[in-house]
Amino acid sequence: MTSKGLRKIFLDFFKSQGHIIIPSSSLIPENDPTVLFTTAGMHPLVPYLLGEKHPEGNKLASCQKCIRTSDIEEVGDKTHLTFFEMLGNWSLGDPKAPDGIGSGYFKEKSIKMSYEFLTSKKYLGLDKKYLAVSVFAGNENAEFDKESYDIWKSLGFSKKRIAKLSQKSNWWGPAGQTGPCGPCTEIFYWAGDSQTIPDEFNADDDNWVEIWNNVFMEFNQVKDGNDYKLSFLKQKNVDTGMGLERVLSILNKVNDIYKTEAFSNLIFKIEQLSKKKYNESPEITKAMRIIADHLKAASFILGDDKGIAPSNIDQGYIIRRLIRRAIRYGKQLGITYELWTKEVVKIVIHDYLEQYPELQRNADFIIDQLKTEELKFKKTLSIGLKKFKKIIKNKTNGLISGKEAFNLYQTYGFPIEMTEELARENDLVVDKEDYLKEVKEHQKLSRTASAGKFKGGLSDARKETVRLHTAAHLLLAALRQVLGNNIFQKGSNITKERLRFDFSYPEKLTQEQKQKVEDLVNKAIKDDLAVKMEEMELKKAKDSGALGVFDAKYGNKVKVYTIGKDNYVFSREICGGPHVKHTGELGHFKIIKEQSSSAGVRRIKAILTHI
Ligand code: GLY
């Protein structure tokens, strides 16, 4: 089975079950400042899980590209990945409605569909004797998921194969600090020796590989003072996630994600470049896995239409870490080929361009950025490593000081995580607190890159962000009036305090242009224009002049937000929402900064005052 085959069989199955197939969203969440990357298929669906109506209906399925950065350092074994694809199906509420197209479902149907897909010969045809499941055992906030337990029993699972597990393993979400969440039931497959398959399921045994998670999202985690509490969502949702590469490794009986077709061309290329074999030694296997994973992930972030390049903040910092870590392991493998990373990246683009055409569109950018970063880092890597050896040579206290770590970062471009990893390899630790003090003093690293912004809260539908989101639509319309119709949105990021908006334009805006833009937005606010939402076919939306961000991401049916009065249209955009009802709710709009974001892209930061 190939990635392509598995995507198809999964999506076809859910289509036959009345689901609409939606395209993968961007890896960079739109309008969500609290997380750096899309980490699960549910991520772009958060507004709909919270109760917004999805334009395509309430039964959806997708194959979503995802990045998880929490365990970059774990990559190197046979299961961890930074970039992966997640197959998923959703029901957005309404489990009681008649079970036809358009109506939702909940636990029973969800579990039964998963079971059918996994075991039926028509689909994956896995033998049930290799399967086990877990359900939520209950805690002081939510009760034992007896319903799921009974459904699995009715499907013939013995008590020994249904584990009742705690919140740590069987509660999913929220993806950030707040948002939809709920108990989940996970499905495991015995990937060990078939002769030794135990009767009883033990989730701590690595041979049981988790392959699919069904989350029953009926709760919303909200902030409660300094704490969090659960409330019921307006609707009962189903959210499932199945890691494509993991399932491939099961279907192909390789028990190593990197031995699947999702990595075969990449590993082959790395073998060629290093003149070594994947299985030659554990160190070589580990290095090849790291290189393959990291350069794949870096390519996907660079190729995500947002023009994000390696830098010292946010997503750019992650790209930098990934590329530099890959280069360090390339050095370990003895790759001497000049500017080799781009050769690996070309394979990523080739392997994935059919499913993710954005990689092809951005191929030149991806390759250029790889070249530049590799040149930059190579210049200092060898001397930096020598410097590191010197630092550790006479250590007696086992500690690398903040100053030393900061010097490695600033002078030799070693991301702190890399220094920490090198330290660990030599039984040392970095004094992180001391390092962060150094950083603060030098004001070099952005707060987000080092402080782990990735753990923020999702679904930021607070009043402030909704207002700023509507203001962003007004801003785009105003920019087009002032600068012309070749202005397009390149990205946006909204916090409670401000909006940040990137758009295509080659030059700095003059004071006069900025003033005009501000005035136009404020006039639109003063006129108290209505904000109306309509659902329509994508083609109709485009024909009606609605602006979109990136074509490839939309499904066949979309939501269009029009801001205007009577027949007058000030702004019309394809957008998931939510928005305010009238622009009069926005207060006063003010541009606080206009600067370059990347080549040909300008960035505006703006706020709303006097609300
Ligand atoms: N959202 C379900 C999962 O990631 O497992």
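Predicted model only: the values in this text are computed from it and were never measured. Just so it is clear, the values below take in all heavy atoms, side chains as well, and ignore hydrogens, waters and symmetry mates. When a ligand or atom number is given, it counts from 1 through the structure's own listing order.
- Tyr356 and Asp351 form no side-chain donor-acceptor contact under 3.5 Å, judged by distance and modelled atom types alone.
- Taking the centre and axis of the six-membered ring of Phe263, the NZ or CZ atom of Lys296 falls inside the cone set by 45° and 6.0 Å.
- The salt bridge (charged side-chain N to carboxylate O under 4.0 Å, His left out) check on Glu354 picks up Lys4, with sequence neighbours excluded.
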Open item on the list: As a quick check of understanding, evaluate side-chain hydrogen bond (donor to acceptor under 3.5 Å, both in side chains) for Thr185 and Trp152, giving each step before the final call.
Closed with: CA-CA 10 Å; Thr185 177; Trp152 286 117; 2.8 Å; yes
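- Residues lining ligand 1 at a heavy-atom distance below 4.0 Å are given as Ala40, Met42, Arg68, Met86, Trp172, Asn213, Val215, Asp239, ordered by chain and residue number.
- With sequence neighbours excluded, no residue forms a salt bridge (charged side-chain N to carboxylate O under 4.0 Å, His left out) with Lys164.
- The stretch residues 118-131 participates, sequence neighbours left out, in no side-chain hydrogen bond (donor to acceptor under 3.5 Å, both in side chains) pair at all.
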